2 protein chains.
Amino acid sequence: MGRWEPNARGRLEEAALELYSERGFEQTTVAQIAERAGLTERTYFRHFADKREVLFGFPGQLHAGITEAVASAPADASALGAVEAALTAMGAVLQERREKARKRQAVIDENPELQERELIKMATMAALLTETLRARGIADSAAALAAETGIAVFKVAFERWIQGPDRLDLPTMIREALEELQSLAADYGTR
Amino acid sequence: MGRWEPNARGRLEEAALELYSERGFEQTTVAQIAERAGLTERTYFRHFADKREVLFGFPGQLHAGITEAVASAPADASALGAVEAALTAMGAVLQERREKARKRQAVIDENPELQERELIKMATMAALLTETLRARGIADSAAALAAETGIAVFKVAFERWIQGPDRLDLPTMIREALEELQSLAADYGTR
DNA sequence: TATCCGATGTCAGTCACTGTCGTCAACTAG
DNA sequence: CTAGTTGACGACAGTGACTGACATCGGATA
C-alpha cells in the first residue's frame with residue numbers, strides 16, 4: 001500500500017460535487033474541498049487547473065468516443081449523418097450516469113462561471129468534431145457548419161433529457177432533434 | 001466641468017484593449033489598466049464586473065438590435081427567416097467597427113478565459129433570440145432549436161468574415177451560411 | 001544497498017475582487 | 001444663499017484563487 005490513500009483525484013471530484021451541491025459553488029473554498037478529500041489545497045491544484053475544472057473531468061472521456069463514432073460511421077453517410085453518429089455515441093455514455101449528470105447539471109445551472117466552462121467544453125467538442133469530419137473528406141466550411149449545428153442540436157436534446165422524466169432515452173432524443181432541425185430548414189426554404 | 005475627466009468607462013475600455021494587445025491578457029494587471037486610464041483599480045471594478053468584462057461591453061448594445069429586428073420581420077416569415085433578420089442586423093452593426101472588432105478578436109483568440117466569456121455572451125444572445133421567437137408565436141422547441149442553430153451559423157460566418165479580406169460583407173456572409181446549412185439539412189434527408 | 005522518482009505537504013507570494021468609509025463637486029430644496 | 005443630498009471616485013484592509021520553490025518519504029530500480 002502506498003504512502004497515501006489511493007485515487008486522490010476521484011476523492012477530490014466527489015468532495016467537490018458534494019460541497020458545491022450542499023452550499024453552492026461560490027460559498028465553497030478550494031481548501032474545504034481538499035480538506036474533505038483528506039488533502040491540501042496545493043494538491044488540489046496539482047490535479048485540476050482551477051476551482052471549476054473538478055466538475056469537468058469526464059467530458060474529456062467523451063472526446064475519444066467522438067472520433068471513434070465518426071470514424072466508424074458508414075462511408076456514404078452525409079455530414080450530418082456522421083454528426084448524428086458522434087452525438088448519439090456521446091448520448092449513450094451520458095445515459096449511463098443519469099443521476100450524477102443531473103446533480104452536476106443542477107450545480108452548473110446555478111452558476112454563470114460554471115456555465116462558461118461548460119460552454120467552452122462544448123466548443124472544444126465542436127472543434128474536435130469539425131476536425132474529424134474534415135478527416136472524412138468533408139469540405140472545411142461544411143464540416144464546421146455541420147459540427148457547430150450538431151452541438152447546438154445536442155444542447156437542446158440534452159436539456160430536454162435532463163429536465164424530463166427518467167424513462168427518456170438521450171440518443172433517441174438527439175435523433176429527434178436532428179429531424180426537427182431538418183424540417184425547420186425545409187421551412188426556411190419555402191419562406 | 002466635473003471633478004474628473006469624463007468618460008471613465010470608455011477610457012478603461014481603450015486602455016485595456018491597448019494593454020491586452022501589447023503584452024497579453026494574463027500579463028496585464030487591472031491596476032495597470034486603471035493607471036493608464038488615470039483611475040484606480042477600485043474604480044475599474046465599479047465599471048466592470050471583472051477583468052474580462054471590459055472587452056464585452058458593446059455586445060450588450062446588440063441585444064436591443066436583436067429584438068427589434070425579429071419584431072420587424074415580416075409576419076409570414078419562417079422561424080429561421082426571423083433568425084436571419086436578427087443575425088443580419090447584428091452583422092450590420094459589426095460591419096461598421098471592423099478594425100476594432102478584429103483587434104479585439106485577436107486578443108480573445110489568444111486566451112481561453114476570454115473565449116469562455118465570449119461563448120457565454122453568444123449563449124445569452126441565443127437565449128434572447130429564443131425568447132423573441134416565442135413572442136412571435138413560434139413553438140418552444142422550434143424556437144430554441146432555431147435560435148441555437150442561428151447562433152452557430154453566426155459564429156461560422158463571423159469567423160470567415162473576420163479572417164477574410166476587407167471587402168467582405170458580414171450580413172451577406174450570414175445569409176450564405178444559412179443557405180449552406182439548408183443544403184446540408186437537405187442532404188441529411190437523403191442519406 | 002544506494003539512488004532516483006513521484007505524489008504530497010509546507011510556506012510564501014501575487015493578484016483578482018469586495019466591503020467600507022472618506023472626499024468633494026454638482027445638484028436640489030428651502 | 002445655505003444646507004443637505006447625491007454621485008463618482010480614492011484609500012485601505014481583507015479574502016481567496018492560484019503559483020513557485022523546496023522539503024519529505026514510500027516505493028521502484030539499478
Side-chain angles (χ1 to χ4, degrees), chain A residues 1-57 107-108 110-118 120-121, chain B residues 1-57 107-108 110-118 120-121:
Chain A
M1 191 180 70
R3 186 172 166 196
W4 296 277
E5 294 298 311
N7 195 23
R9 187 184 174 95
R11 272 149 52 212
L12 285 167
E13 284 177 353
E14 193 178 349
L17 184 55
E18 285 173 15
L19 286 166
Y20 290 167
S21 293
E22 288 170 15
R23 63 179 74 175
F25 175 77
E26 284 191 358
Q27 283 62 48
T28 303
T29 69
V30 174
Q32 290 164 356
I33 297 170
E35 187 187 355
R36 182 168 295 199
L39 295 164
T40 65
E41 189 182 357
R42 192 64 184 86
T43 297
Y44 172 95
F45 285 108
R46 288 198 179 96
H47 284 278
F48 302 101
D50 59 46
K51 188 183 171 184
R52 292 175 280 167
E53 193 64 19
V54 67
L55 288 178
F56 296 89
V107 171
I108 293 174
E110 286 300 313
N111 190 284
E113 290 180 61
L114 294 173
Q115 289 158 31
E116 291 190 0
R117 180 57 51 86
E118 170 149 71
I120 206 169
K121 293 289 179 180
Chain B
M1 191 181 72
R3 187 176 167 193
W4 295 279
E5 294 299 309
N7 194 24
R9 186 183 175 94
R11 272 151 47 214
L12 285 167
E13 285 176 352
E14 195 178 347
L17 185 54
E18 286 173 14
L19 285 167
Y20 291 167
S21 293
E22 289 170 14
R23 63 178 76 175
F25 175 77
E26 285 191 356
Q27 283 63 47
T28 303
T29 70
V30 174
Q32 290 164 354
I33 297 169
E35 187 187 355
R36 183 169 296 199
L39 295 164
T40 65
E41 189 182 356
R42 190 66 185 88
T43 296
Y44 172 95
F45 285 107
R46 287 199 179 93
H47 285 277
F48 302 101
D50 58 46
K51 188 182 172 184
R52 293 175 280 168
E53 193 62 21
V54 67
L55 288 179
F56 296 89
V107 172
I108 293 174
E110 285 299 313
N111 191 284
E113 289 181 60
L114 294 173
Q115 290 159 29
E116 291 191 0
R117 178 58 50 87
E118 171 150 70
I120 207 170
K121 294 288 179 180

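All chains are named by letter (A, B, ...) in the order of the sequence lines, taking the proteins before the strands, and each is independently numbered beginning at 1. Being a predicted model, the structure only gives us computed values, none of them experimental.
With respect to A/E41 and A/K51, no salt bridge is recorded, no charged nitrogen being found less than 4.0 Å from a carboxylate O. The pair B/R11-B/E5 fails the salt-bridge criterion, with no side-chain N (NZ, NE, NH1 or NH2) lying under 4.0 Å from an Asp/Glu carboxylate O.
Residues A/S21 and A/V107 come closest through the heavy atom pair OG-CG2, 3.6 Å. Taking both residues in full, the closest heavy atoms of B/R36 and B/E22 are given as NH1-OE2, 3.1 Å, listed atom of the first, atom of the second, then distance. Nearest heavy-atom pair across A/A34 and A/L12 is CA-CD2, 4.1 Å.
Computed from coordinates, the A/R52 CZ to D/dG16 P distance equals 18 Å when rounded to whole Å. As rounded to whole Å, 17 Å separates atom C1' of D/dA21 from atom CZ of A/F45. Look at CG on B/D50: it is 14 Å from C1' on D/dA17, rounded to the nearest Å. Atom CD in B/E53 sits about 16 Å away from atom P in C/dA16, given to the nearest Å. The interatomic distance linking B/L39 (CG) with C/dT23 (P) rounds to 20 Å, in whole Å. Rounded to whole Å, atom C1' of C/dC17 lies 14 Å from atom CD of B/E113. If you take OH of A/Y44 and P of D/dT19, they are 11 Å apart, rounded to a whole angstrom. We find that CD of B/E5 is positioned 16 Å from C1' of C/dC24, with the value rounded to whole Å.
Nearest-nucleotide positions on DNA chain C place A/A8 closer to the 5' end than the other of A/A8 and B/F48. Residue whose closest nucleotide on DNA chain D sits further toward the 5' end, between A/E41 and B/R42: B/R42.
The local environment of CD in A/E113 is crowded, with over 12 non-hydrogen atoms from other residues, nucleotides or ligands closer than 6.0 Å. Within 6.0 Å of the CD atom in A/E14, the count of heavy atoms belonging to other residues, nucleotides or ligands does not exceed 12. By the neighbour-count criterion of 12 heavy atoms within 6.0 Å, atom CD of B/Q32 is densely surrounded, having more than that number from other residues, nucleotides or ligands.
Distances shown here put a side-chain N or O of A/H47 below 4.0 Å from the OP1 or OP2 atom of C/dT8. In terms of phosphate contacts, A/T40 brings a side-chain nitrogen or oxygen within less than 4.0 Å of OP1 or OP2 of C/dG9.
You'll find a donor-acceptor pair under 3.5 Å spanning the side chain of A/R46 and the base of C/dG9, going by distance alone. At a cut-off of 3.5 angstrom, the base of D/dG10 holds no donor-acceptor pair with the side chain of B/R3.
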What dot-bracket string describes DNA chain C from 5' to 3', counting Watson-Crick and G-U wobble pairs whose defining distances are under 3.5 Å, with [ ] for crossing pairs and | for pairs to another strand? ||||||||||||||||||||||||||||||

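Residue A/K51 has its side chain nearest to D/dC18 when only D/dC18, C/dT18, D/dG10 are considered.
No donor-acceptor pair closer than 3.5 Å links the side chain of B/Y44 to the backbone N or O of B/R9.
Contact of the B/L19 side chain with the B/R23 side chain is registered, since non-hydrogen atoms from C-beta on lie closer than 4.5 Å.
DNA chain D is contacted by A/T28, A/T29, A/V30 of residues 16-35 of chain A, taking any non-hydrogen atom closer than 4.0 Å.
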